[in-house]
Amino acid sequence: MEKILITGATGNVGQATLRLFLERNYPDCEVVAAVRDIERAKKIREIASANFVKFEFDEPSTYREALADVTKVVLIRPNQVADVTRYIFPFLDYARSVGAKQIVFVSIVGAEKNRIFANHRIENHLKKLEIPYTILRPSLYMQNLSTLHRADIKDHDRIYIPAGAGLVNYTDVRDVADVIVEILTQEGHQNKAYEITGPEAMDFYKITELFSKELGREIRYARPLTLQFVRQKLRDKKQLPFIVTLSLLYGAARNGKMEHISNVIQEITGRAPRNLRDFIHEHRAVWTK
């Protein structure tokens, strides 16, 4: 029997992963959802039946109960946690000390090459721990368009992103979750890193065309300077570490570094990845006025 701890279980990737485990009901896996507020998490209908445990990276006193008898960990770094040496490394060290035998870390595309990313430091620390690991590096999430950029699209008929004319490759968090579940329940993925992308790279002019066609009104692509984007997101009360990470990712797209397409989703799950056109159609009510 494997006991799997999912951190960030109410976030995009964590919740999608937890939902898959609940839906598929693997008899040989006990899954525990690590959350800051158990009562609040229980109000999320799709995961209300999950087994929750209180956990916070910045409260080491929560580590013991969260990691009790845990054999595998899905590590998702909260956006607000930038000081990974202080808050993530001690958790990983404790997981090693209690016998965890696999860490699946949801990193970010390009983290292995960019020392500015906090995830870069986590990846390096993982490799020194002597615990089998699997690193996933997803591209931009489609769900960012229905959450982070929702108001711009719905209320202002624009996509406000500093990516220039660069190509981006969106992936659905549900596909990332599917990959995570397969990695946790199948052998052969230890000490490997996978880049996860959707099936097509396109620029934001093409993406706004998709939105315009689906929503029946013109959605334009605004190309702000990075500083303008940062200021706007600060006004929107987004957390600075998250804004910086997004700015770096959009800068990579602007410089032509996010065009690569991988076959990881197909190879690991046995099915094709979801595409952006279908995602926009499925969630069109989110942006409908």
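No side-chain heavy atom of V74 sits less than 4.5 Å from a side-chain heavy atom of T7. In this structure, the side chains of L145 and Y170 come closer than 4.5 Å at one or more pairs of heavy atoms. By the 4.5 Å heavy-atom criterion applied to side chains, L20 and D178 are counted as neighbours. At a threshold of 4.5 Å between non-hydrogen side-chain atoms, the residues K72 and L5 do not count as touching. Looking only at side-chain heavy atoms (C-beta outward), Q102 and V73 stay at 4.5 Å or farther from each other. In this structure the side chain of V286 never reaches within 4.5 angstrom of the side chain of K154, judged on heavy atoms. The closest side-chain heavy-atom distance from I207 to Y221 is not below 4.5 Å. Between K127 and Y133 the shortest side-chain heavy-atom distance falls below 4.5 Å.
A salt bridge does not link K43 with D37: none of the charged nitrogens is closer than 4.0 Å to a carboxylate oxygen. In this structure, R217 pairs ionically with D157, as a charged nitrogen and a carboxylate oxygen lie closer than 4.0 Å. Note on R271 versus D175: salt bridge recorded, some NZ/NE/NH1/NH2 to OD/OE distance being below 4.0 Å. For the pair K233 and D236, the salt-bridge criterion is met [side-chain N within less than 4.0 Å of a carboxylate O]. Under a 4.0 Å N-O distance rule, the pair K101/E2 qualifies as a salt bridge. In this structure, E195 does not pair ionically with R137, as no charged nitrogen and carboxylate oxygen lie closer than 4.0 Å.
For F242, there are no ring-ring contact (aromatic ring centres under 6.0 Å, His included) partners at least two apart in sequence or on another chain.
For the residue pair Y205 and R223, a side-chain donor N or O sits within less than 3.5 Å of a side-chain acceptor on the partner. Counted by atom type alone, N169 and E259 present zero donor-acceptor pairs between their side chains at under 3.5 Å. Q232 and R235 form a side-chain donor-acceptor contact under 3.5 Å, judged by distance and modelled atom types alone. Side-chain polar atoms of E123 and S107 form a donor-acceptor pair below 3.5 angstrom.
No more than 12 heavy atoms of other residues, nucleotides or ligands lie within 6.0 Å of NZ in K128, so this atom counts as exposed by the packing criterion. The number of heavy-atom neighbours closer than 6.0 Å to NE2 of H260, taken from other residues, nucleotides and ligands shown, is above 12. Heavy atoms of other residues, nucleotides or ligands lying less than 6.0 angstrom from CZ of R284 number more than 12. Remark: R40 CZ is loosely packed, at most 12 non-hydrogen atoms of other residues, nucleotides or ligands lying under 6.0 Å away. The number of heavy-atom neighbours closer than 6.0 Å to NZ of K257, taken from other residues, nucleotides and ligands shown, is 12 or below. Within 6.0 Å of atom CD in E59, more than 12 heavy atoms from other residues, nucleotides or ligands are found, so the atom counts as buried in its surroundings.
Residues V173 and Q143 approach most closely at N-OE1, 3.1 Å, considering heavy atoms. The two residues I261 and T197 come nearest to each other via the heavy atoms CA-OG1, 3.5 Å. In plain terms, the two heavy atoms of P138 and T171 that are nearest each other are CB-CG2, 4.2 Å. Across all their heavy atoms, Q15 and T10 have their closest contact at NE2-O, 3.2 Å. When all heavy atoms are compared, the tightest approach of Q190 to P132 is CG-CB, 3.7 Å. Minimum heavy-atom separation, I47 to A41: CG1-O, 4.1 Å.
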Checklist entry - K54 and E65: side chain to side chain contact (heavy atoms under 4.5 Å, CB included), yes or no, with the steps? => result CA-CA 8 Å; K54 179 175 174 54; E65 182 179 359; 5.8 Å; no
Item to check | Step-by-step side chain to side chain contact (heavy atoms under 4.5 Å, CB included) determination, I122 to L75 | outcome: CA-CA 10 Å; I122 296 176; L75 175 62; 4.0 Å; yes
Checklist entry - Are F57 and F55 close enough, and set up right, to give a ring-ring contact (aromatic ring centres under 6.0 Å, His included), and what steps lead you there? => result CA-CA 7 Å; F57 284 105; F55 170 78; 4.8 Å; yes
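Between the side chain of R96 and the backbone N or O of I131, no donor-acceptor pair lies under 3.5 Å. Remark: the backbone N or O of T226 is not paired with any side-chain donor or acceptor of S247 at under 3.5 angstrom.
V32 and V35 are members of different hydrophobic clusters when ILVMFWY side chains are connected at heavy-atom separations under 4.5 Å. M142 is connected to M258 through a chain of hydrophobic side-chain contacts under 4.5 Å among Ile, Leu, Val, Met, Phe, Trp and Tyr, so both are in one cluster. Hydrophobic clustering, with ILVMFWY side chains joined whenever heavy atoms are under 4.5 angstrom apart, keeps V13 apart from F117.
Ring geometry for H189 against Y194 counts as perpendicular: the plane angle is over 60°, on a 0 to 90° scale with 30° as the lower cut.
In this structure, R158 is positioned above the aromatic face of Y160, its NZ or CZ under 6.0 Å from the six-membered ring centre and within 45° of the axis.
Among I196, V176, L136, T269, the single residue meeting the side-chain contact (heavy atoms from CB on, under 4.5 Å) criterion with V264 is I196.
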